[in-house]
Number of protein chains: 2
Amino acid sequence: MYSACVPGTSDLGERPGAMAATGPAESVGFTLAQLGLETARRFGEVVGALGLEPRHFALLRAVGGAEGQSQQVIAEYLQIPASTMVAIVDHLELESLLERRLHPTDRRTRTLHLTAGGKTVLAEAMTLAMGLEDQICAGFEPAQRDRLLAMLRQVAGNLDVSLAALPDAGGHRPAHV
Amino acid sequence: MYSACVPGTSDLGERPGAMAATGPAESVGFTLAQLGLETARRFGEVVGALGLEPRHFALLRAVGGAEGQSQQVIAEYLQIPASTMVAIVDHLELESLLERRLHPTDRRTRTLHLTAGGKTVLAEAMTLAMGLEDQICAGFEPAQRDRLLAMLRQVAGNLDVSLAALPDAGGHRPAHV
DNA sequence: TATTGTTATACTCTATAACTATA
DNA sequence: TATAGTTATAGAGTATAACAATA
């Protein structure tokens with residue numbers, strides 16, 4: 001993890017120090033990079049209380065929002081290679097938070113589904129995430145927070161960052177239909 | 001780098017895919033984490049054109065703003081372990097962008113100084129960073145950009161993130177003086 | 001005896017590529 | 001022949017701890 005050098009980046013896990021401080025406070029870019037890093041780090045701590053790592057949460061959330069999708073589709077959405085996907089799914093399946101099921105027509109494909117426990121843990125994680133959100137936005141009036149979000153969305157647009165969720169399997173039809 | 005799972009984190013280098021998309025667009029936390037990640041990634045691309053990695057830029061910048069500080073002080077500021085610091089300093093010294101000098105009174109200590117070339121490269125990198133800044137803030141009027149920065153600073157305060165630079169060696173006096 | 005910097009090393013994470021089974 | 005998923009493996013990056021010189 002050295003993305004921290006921000007605006008270099010860096011990935012953080014629950015690993016200790018990242019190269020963090022880097023930018024002038026007058027720059028939106030530096031500030032965003034630094035806040036993003038710290039936000040991610042805090043989130044890791046928060047979901048860590050549930051025994052989850054950020055990547056596990058990310059997968060639970062993706063599956064929760066797109067029940068029945070294939071591993072491949074979800075891996076592409078999360079922008080991780082197939083081999084990494086296998087490891088994460090293995091981990092969560094071992095903890096009985098999600099399960100692989102056979103695809104109804106294609107026996108090569110595995111579809112992913114949350115278990116009851118997975119839904120519970122995901123809900124708990126979302127609750128904790130909302131608590132962090134409140135901490136992040138402390139002192140903001142609702143209208144101010146909305147303005148901040150609107151500006152951040154504009155920045156996302158400027159950077160071609162998609163904030164969209166993955167449609168569930170039912171929404172996906174073969175192109176030729 | 002998997003901090004990308006955002007708000008997991010992650011560090012990014014110039015490495016390809018990071019687990020990126022994760023959060024609902026209605027959350028400041030998720031959005032910040034995602035934008036921070038992308039900003040850091042873009043910055044890595046930008047300074048990469050100068051042959052720098054984000055961590056190299058971070059060190060050049062820290063030294064440029066605190067000429068003559070010891071490796072230890074700067075490593076602490078950057079929140080990286082001493083052994084990592086050695087590797088980065090080695091790299092930049094090999095490229096003649098900075099140099100180690102002997103401390104005037106303590107022969108254990110090395111002080112860090114930018115070379116003329118280092119100053120040039122740092123200035124070029126700052127110019128490129130400003131170009132990225134313009135891209136990030138495209139469509140914002142100056143007053144809007146100021147409002148965004150002010151809000152981000154408030155978030156930084158909420159998260160105890162320091163945006164301060166490191167004082168240079170001259171500003172450091174032993175506590176007992 | 002404590003501290004600065006260095007070196008050696010072990011560990012984690014990630015991605016590439018080979019492999020199996022299906023289509 | 002191509003694709004979904006799996007496994008094996010090699011590489012990068014990081015941190016921990018032992019070490020040398022100096023205080």
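All values reported here derive from a predicted model rather than from experimental measurement. Just so we're on the same page: letters track the sequence lines, and every chain starts at 1.
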B:L59 and side chain to side chain contact (heavy atoms under 4.5 Å, CB included): which partner among B:V89, B:I80, B:L52?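 Among B:V89, B:I80, B:L52, the one that satisfies the side chain to side chain contact (heavy atoms under 4.5 Å, CB included) with B:L59 is B:V89.
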Between [N] and [X], is there an OP1 or OP2 to side-chain N/O distance shorter than 4.0 Å?
X: B:R108; N: C:dT6; answer: no
X: A:R110; N: C:dA21; answer: no
X: A:T84; N: C:dT14; answer: no
X: A:Q71; N: D:dA4; answer: no
X: A:S83; N: C:dA15; answer: no
X: A:R55; N: C:dC13; answer: yes

Value in whole Å for how far the [atom2] atom of [N] lies from [atom1] of [X]:
X: B:I80; N: D:dT16; atom1: CD1; atom2: C1'; result: 15 Å
X: A:R107; N: C:dA21; atom1: CZ; atom2: C1'; result: 9 Å
X: A:L78; N: C:dA15; atom1: CG; atom2: P; result: 12 Å
X: A:H103; N: C:dT22; atom1: NE2; atom2: C1'; result: 13 Å
X: A:M85; N: C:dT16; atom1: CE; atom2: C1'; result: 19 Å
X: B:E53; N: D:dG13; atom1: CD; atom2: C1'; result: 10 Å
X: B:L112; N: C:dG5; atom1: CG; atom2: P; result: 8 Å
X: A:I88; N: D:dG5; atom1: CD1; atom2: P; result: 14 Å

Group every Ile, Leu, Val, Met, Phe, Trp and Tyr by side-chain heavy-atom contacts under 4.5 Å, then state whether B:V86 and B:L97 land in the same group.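 The answer is no; the residues belong to distinct hydrophobic clusters.
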Using distance alone, with no hydrogens and no angle criterion, decide if B:T111 and B:H113 have a side-chain donor and acceptor under 3.5 Å apart. yes
To the nearest 0.5 angstrom, please state how far the OG1 atom of A:T31 sits from the CD atom of B:E133.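 Output value for this atom pair is 7.5 Å.
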First of B:D106 and A:V89 reached from the 5' end of DNA chain D, by closest nucleotide: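 Its nearest nucleotide being more 5', the pick is A:V89.
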Which part of the nucleic acid, if any, lies within contact of B:T111, taking any heavy atom under 4.0 Å across all strands shown: a base, the sugar-phosphate backbone alone, or nothing?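 Nothing, no nucleic acid heavy atom in range.
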Closest to the B:T109 side chain, choosing from D:dT6, C:dA23, C:dG5: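 Among D:dT6, C:dA23, C:dG5, the one nearest the side chain of B:T109 is C:dG5.
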Start at the 5' end of DNA chain C and walk down; is the nucleotide closest to B:Q72 or to B:D90 reached first? B:Q72
Counting N and O atoms only, with roles assigned by atom type, does the side chain of B:E67 sit under 3.5 Å from a partner on the main chain of B:L114, one being a donor and the other an acceptor?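 Checked: pair present.
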